[in-house]
Amino acid sequence: FRPQRRLTEALALANAEAVTAGRFVWVTADVRTAFDAVPVDRLLHVVRHFLPDEKLVAFVRLLLGPDRRRGLRQGAPLSPLLLNLY
């Protein structure tokens, strides 16, 4: 999300970049609610896949907070990393 910018402007910029520089860019969706949309169980499955240590998975679960089933806390230092990992 960027103030005063629209999706159509992003698509126009992506198209211009693809044509002039031979670079192809995909714009799929606005990520304003990306942190809220992460399913925690699936995220922990991904963490377990890349870091197969149950103690580490349990620690990440603890950091996410109790009874959290969906979404990451915005502003938490670990949230951007977990979002990128997911």
Side-chain angles (χ1 to χ4, degrees):
F1 174 74
R2 294 182 347 201
Q4 309 300 320
R5 303 289 178 154
R6 294 194 169 95
L7 178 60
T8 53
E9 292 170 347
L11 290 172
L13 180 62
N15 186 53
E17 186 70 16
V19 170
T20 60
R23 296 180 183 164
F24 295 91
V25 180
W26 291 87
V27 177
T28 58
D30 189 354
V31 294
R32 247 188 309 192
T33 60
F35 289 96
D36 298 330
V38 175
V40 172
D41 289 338
R42 175 72 179 126
L43 171 65
L44 292 175
H45 179 76
V46 172
V47 169
R48 190 175 287 112
H49 174 76
F50 287 105
L51 304 167
D53 181 357
E54 284 304 314
K55 289 181 180 180
L56 180 60
V57 174
F59 181 64
V60 171
R61 179 73 152 137
L62 179 68
L63 292 175
L64 290 174
D67 301 325
R68 196 162 192 89
R69 295 176 189 210
R70 191 162 199 78
L72 300 171
R73 291 187 182 131
Q74 293 187 32
L78 189 59
S79 294
L81 176 65
L82 291 175
L83 180 62
N84 287 336
L85 181 63
Y86 179 73

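These numbers come from a predicted model, not from an experiment.
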(request) Kindly compute the distance separating CG (L63) from OG (S79), expressed to the nearest 0.5 Å. (result) 9.5 Å
(request) Any chance you could measure L43, atom CG, to R61, atom CZ, to the nearest 0.5 Å? (result) 9.5 Å
(request) Can you see which heavy atom on P80 is nearest to which on F35, and at what distance? (result) N-CE2, 3.8 Å
(request) Please examine the side chains of R70 and D41, heavy atoms only from C-beta on, and report whether any two atoms are closer than 4.5 Å. (result) no
(request) Give, for atom CG of L44 and atom CD of E54, the distance between the pair rounded to the nearest 0.5 Å. (result) 9.5 Å
(message) Quick check on the hydrophobic clustering: are F50 and V60 connected, directly or via other members, by side-chain heavy-atom contacts under 4.5 Å?
(response) yes
(message) Within this structure, what is the CG-CZ distance for the pair L11 and R6, rounded to the nearest 0.5 Å?
(response) 13.0 Å
(message) As an exercise, state the distance from CG of L82 to CZ of R73, rounded to the nearest 0.5 Å.
(response) 11.5 Å
(request) Start with the C-alpha distance between L83 and V38, add both sets of side-chain angles, then the distance that settles side chain to side chain contact (heavy atoms under 4.5 Å, CB included), and finish with yes or no. (result) CA-CA 7 Å; L83 180 62; V38 175; 3.5 Å; yes
(request) Supply the atom-to-atom distance L81 CG to L72 CG, rounded to the nearest 0.5 angstrom. (result) 10.5 Å
